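One structure is given below, encoded as structure tokens.
Note that the structure is a prediction, hence the values are computed from the model and not measured. Below, chain A is the first sequence line, B the second, and so on; all start at residue 1.
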Protein chains: 2
Amino acid sequence: MVTIQQLSQELGIGADTLRVWERRFGFPRPERDARGHRLYPSEQVEHLRIIKKLQNLGHRPKQIFAMTATERQHFLHQQQKPVEQNDLDYLTKKLPVGKIDKELRHRLVQKGLRQFVLQVAVPLIDIMDRRWVDGSLSIAREHLLSDTLAELLKEQLYPQRQPRGRIVFLTLSGERHKLGLLLSAALFHCEGLDCIIIGEELPLVEVEQMTELHGADAVAISFSVHSSTRQAKQDLARLRKNLPERIKLIAGGYALRNGMYLPGILVCTDLNQIGDLCVREFPALNMG
Amino acid sequence: MVTIQQLSQELGIGADTLRVWERRFGFPRPERDARGHRLYPSEQVEHLRIIKKLQNLGHRPKQIFAMTATERQHFLHQQQKPVEQNDLDYLTKKLPVGKIDKELRHRLVQKGLRQFVLQVAVPLIDIMDRRWVDGSLSIAREHLLSDTLAELLKEQLYPQRQPRGRIVFLTLSGERHKLGLLLSAALFHCEGLDCIIIGEELPLVEVEQMTELHGADAVAISFSVHSSTRQAKQDLARLRKNLPERIKLIAGGYALRNGMYLPGILVCTDLNQIGDLCVREFPALNMG
DNA sequence: CCATGATTTTGTCCTAGACAATTGTTCACA
DNA sequence: TGTGAACAATTGTCTAGGACAAAATCATGG
């Protein structure tokens with residue numbers, strides 16, 4: 001028996017949404033305490049878990065709520081793409097906790113940073129994503145994997161001897177997904193650029209200040225799932241106006257996935273574009 | 001100009017509460033967009049920051065809202081200990097970015113971990129807090145200091161040769177304040193315990209699983225400003241019920257500052273108590 | 001087949017009222 | 001003066017049902 005607030009937190013669904021679902025679709029139908037406040041029995045919580053999973057898979061509430069509980073169960077099983085027999089998969093499930101770091105490091109020295117990012121880190125995050133959707137990856141293990149990977153990548157960003165340029169990486173207020181930032185930073189690093197991870201949730205107004213402080217040639221900003229395309233465009237336009245012209249502005253992330261054109265901004269929708277982008281925008285220094 | 005949701009997240013005050021404050025006290029008094037939705041100008045956001053800070057200092061809304069804006073400012077300054085001419089102060093203001101890490105490391109080797117935590121890290125965080133309130137510390141610099149300090153502390157948590165025990169550190173859903181966790185972990189480490197930082201925002205149900213996975217003897221949980229005392233108590237009770245008896249449960253953080261008694265739970269309101277707690281609860285192994 | 005406009009669907013916000021839990025105050029009594 | 005119990009005020013969270021823009025889907029013409 002949980003309150004609406006607990007449920008909201010646990011599922012990541014707004015309390016308002018839960019109430020409106022009840023009004024519109026007749027589910028969930030919680031019991032009430034003496035004051036008339038909602039109390040959700042654990043049975044309904046489980047149903048909601050399934051509903052959330054289906055929603056994560058891209059289905060819309062109308063479609064989901066049209067089904068009966070058993071139909072939903074069935075549908076979910078049918079929908080879940082099996083995680084391929086990827087050789088990375090055991091990292092997310094079987095491997096004992098203490099060995100994850102060792103294993104990742106082994107692969108890093110084997111492949112080199114660039115290949116490691118593209119062939120190990122990206123697919124691994126993809127698997128984690130899918131497991132998250134179907135609920136087969138615990139939050140705790142997800143944290144552990146993310147943190148280990150993040151730390152490993154961060155270590156690789158040592159300063160270059162003859163940097164082709166210097167980029168500060170950040171996300172704006174409200175964002176946080178360090179891994180995305182680190183992945184792109186690692187690839188820029190491979191191209192000979194100094195990469196500085198500033199941190200997350202930086203207010204718009206402080207970006208310029210930070211650029212100056214670090215003597216950077218460029219700012220790279222990542223927009224995650226949570227920010228709308230419109231908001232991203234707006235923020236970028238404002239930033240471009242405030243930033244000196246010589247500072248390049250690189251933008252990427254889910255919110256910009258459609259690859260629109262924005263004046264004065266280097267939109268980068270794919271990690272594979274980073275190589276080309278560097279060749280174009282950061283001409284190599286003369287060899288001494 | 002921010003929406004009520006953004007504001008709610010930023011301040012850690014529920015949207016309902018913000019509306020009810022407006023109704024009862026006449027502040028904040030946001031503007032409205034075309035639909036009649038609230039839009040808070042940044043000026044009011046700053047005032048709310050001060051109000052939240054006063055509330056954290058233990059004052060009640062009635063008292064706070066009875067004052068005018070300038071009175072509140074005054075009152076807050078009066079309440080706050082002034083930033084002493086502490087020799088740490090220059091870290092937050094003057095020191096060039098690149099030297100922060102070096103400076104902290106220097107002090108660490110000079111003082112040793114224990115004294116570093118108590119005499120450097122804690123006062124530094126305190127100064128950052130106060131500077132944050134009066135706006136004289138930019139978010140960017142705060143991030144930088146926090147991250148540098150966190151990384152430094154994390155490095156120190158190498159495994160013990162003959163651990164007196166093993167503790168996993170975590171915060172529950174919705175919490176995040178890594179530094180607090182790391183500070184206490186560092187002190188437990190000084191007492192000869194293996195400390196494992198699990199991560200933040202772990203769902204309640206996964207705590208037990210994590211403890212087993214790491215073979216821990218104890219779980220340490222920190223409750224920050226954002227969680228209410230009531231919620232903290234409730235979570236702890238639930239956790240105690242689910243966890244095997246042999247697993248100790250250590251709780252600390254702002255929400256438990258009053259030091260109430262909770263059956264079967266080691267409440268730790270002050271970093272200085274950690275030494276005693278370890279002596280009591282983790283008897284040293286026989287010397288080989 | 002793609003673009004563009006019309007039509008659902010959906011999440012979030014609105015108002016104003018209610019009430020339990022917490023905190024503060026009063027007052028009798030040792 | 002201190003203690004504790006009864007009473008009063010304060011405060012955060014919940015309720016209901018209505019509203020509406022942004023996003024998604026559908027329909028239509030090129």
What is the nucleic acid contact for B/F25, judged by heavy atoms within less than 4.0 Å: base, sugar-phosphate only, or nothing?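 Here B/F25 touches the backbone only, sparing every base.
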
When all nucleic acid strands are considered with a 4.0 Å heavy-atom cut-off, which category describes A/Q55: base, sugar-phosphate, or nothing?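 Answer is sugar-phosphate: A/Q55 comes under 4.0 Å of backbone atoms only.
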
With distance as the sole test, does A/S146 use its side chain to make a donor-acceptor pair with the main-chain N or O of A/E142 at under 3.5 Å?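 Yes; at least one donor-acceptor contact below 3.5 Å.
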
Between the axis at one end of the helix from C/dC1-D/dG30 to C/dA30-D/dT1 and the axis at the other (five pairs apiece), what's the angle to 10 degrees?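 The end-segment axes of the helix from C/dC1-D/dG30 to C/dA30-D/dT1 are tilted 30° relative to each other.
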
Let me know the distance between [atom1] of [X] and [atom2] of [N], rounded to the nearest Å.
X	N	atom1	atom2	value
A/F27	C/dT10	CZ	C1'	18 Å
B/L18	D/dC14	CG	P	15 Å
A/K52	C/dG11	NZ	C1'	13 Å
A/W21	C/dT12	CH2	C1'	13 Å
B/I51	D/dG12	CD1	P	11 Å
A/Q9	D/dT13	CD	C1'	14 Å
A/I13	C/dT12	CD1	C1'	14 Å
A/Q63	D/dA24	CD	P	14 Å

Electrostatic pair A/R280-A/D276, nearest N-O below 4.0 angstrom: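 Looking at A/R280 and A/D276, the cut-off is not met.
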
B/R49/B/E10 salt bridge by N-O under 4.0 Å criterion: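 Here B/E10 pairs with B/R49 in a salt bridge, since their nearest N and O are under 4.0 Å apart.
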
Spatial distance of atom CE (A/M67) from atom CG (A/L76) [nearest 0.5 Å]: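 Between A/M67 CE and A/L76 CG, I get 9.0 Å after rounding to 0.5 Å.
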
When rounded to the nearest 0.5 angstrom, what distance separates CD1 in B/I64 from CZ in B/F25?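 Rounded to the nearest 0.5 Å, the CD1-CZ separation comes to 9.0 Å.
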
Is A/T17 near enough to C/dT12 that one of its side-chain N or O atoms lies under 4.0 angstrom from OP1 or OP2?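 For A/T17, the contact criterion (side-chain N or O under 4.0 Å from OP1 or OP2 of C/dT12) is met.
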
Report, one pair per line, the protein and nucleotides 14-18 of chain C atoms (nitrogen or oxygen only) whose separation is under 3.5 Å.
{"unit_1": "C/dC14", "atom_1": "OP1", "unit_2": "B/R38", "atom_2": "N", "d": "2.7"}
{"unit_1": "C/dC14", "atom_1": "OP1", "unit_2": "B/R38", "atom_2": "NH1", "d": "2.9"}
{"unit_1": "C/dC14", "atom_1": "OP2", "unit_2": "B/R19", "atom_2": "NH1", "d": "2.5"}
{"unit_1": "C/dC14", "atom_1": "OP2", "unit_2": "B/R38", "atom_2": "NH1", "d": "3.2"}
{"unit_1": "C/dC14", "atom_1": "O5'", "unit_2": "B/R38", "atom_2": "NH1", "d": "3.2"}
{"unit_1": "C/dT15", "atom_1": "OP1", "unit_2": "B/R32", "atom_2": "NH1", "d": "3.2"}
{"unit_1": "C/dT15", "atom_1": "OP1", "unit_2": "B/R32", "atom_2": "NH2", "d": "3.3"}
{"unit_1": "C/dT15", "atom_1": "OP2", "unit_2": "B/R38", "atom_2": "NH1", "d": "3.0"}
{"unit_1": "C/dT15", "atom_1": "OP2", "unit_2": "B/R38", "atom_2": "NH2", "d": "2.7"}
{"unit_1": "C/dA16", "atom_1": "N7", "unit_2": "B/R23", "atom_2": "NH2", "d": "3.2"}
{"unit_1": "C/dG17", "atom_1": "N7", "unit_2": "B/R23", "atom_2": "NH1", "d": "2.9"}
{"unit_1": "C/dG17", "atom_1": "O6", "unit_2": "B/R23", "atom_2": "NH2", "d": "3.2"}

N/O donor to acceptor pairs below 3.5 angstrom from side-chain atoms of residues 26-39 of chain A, sequence neighbours left out:
{"unit_1": "A/R32", "atom_1": "NH1", "unit_2": "A/G36", "atom_2": "O", "d": "2.8"}
{"unit_1": "A/R32", "atom_1": "NH2", "unit_2": "A/E22", "atom_2": "OE2", "d": "3.3"}
{"unit_1": "A/D33", "atom_1": "OD1", "unit_2": "A/R35", "atom_2": "N", "d": "3.0"}
{"unit_1": "A/D33", "atom_1": "OD1", "unit_2": "A/G36", "atom_2": "N", "d": "3.1"}
{"unit_1": "A/D33", "atom_1": "OD1", "unit_2": "A/H37", "atom_2": "N", "d": "2.8"}
{"unit_1": "A/R38", "atom_1": "NE", "unit_2": "A/E22", "atom_2": "OE1", "d": "2.7"}

Report the residues that fulfil side-chain hydrogen bond (donor to acceptor under 3.5 Å, both in side chains) with [X], sequence neighbours left out, ordered by chain and then residue number.
X	result
A/T70	A/T68
A/E206	none
A/Q55	none

Which nucleotide wins on minimum distance to the side chain of B/Q5, given the candidates C/dT10, C/dC13, D/dC14?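 Taking heavy atoms from C-beta onward, the closest nucleotide is C/dC13.
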
Would you kindly compare B/A34 and A/Q6 by the position of their nearest DNA chain D nucleotide and give the one closer to the 5′ end?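 Mapping each residue to its closest nucleotide by heavy atoms, the 5'-most match is A/Q6.
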
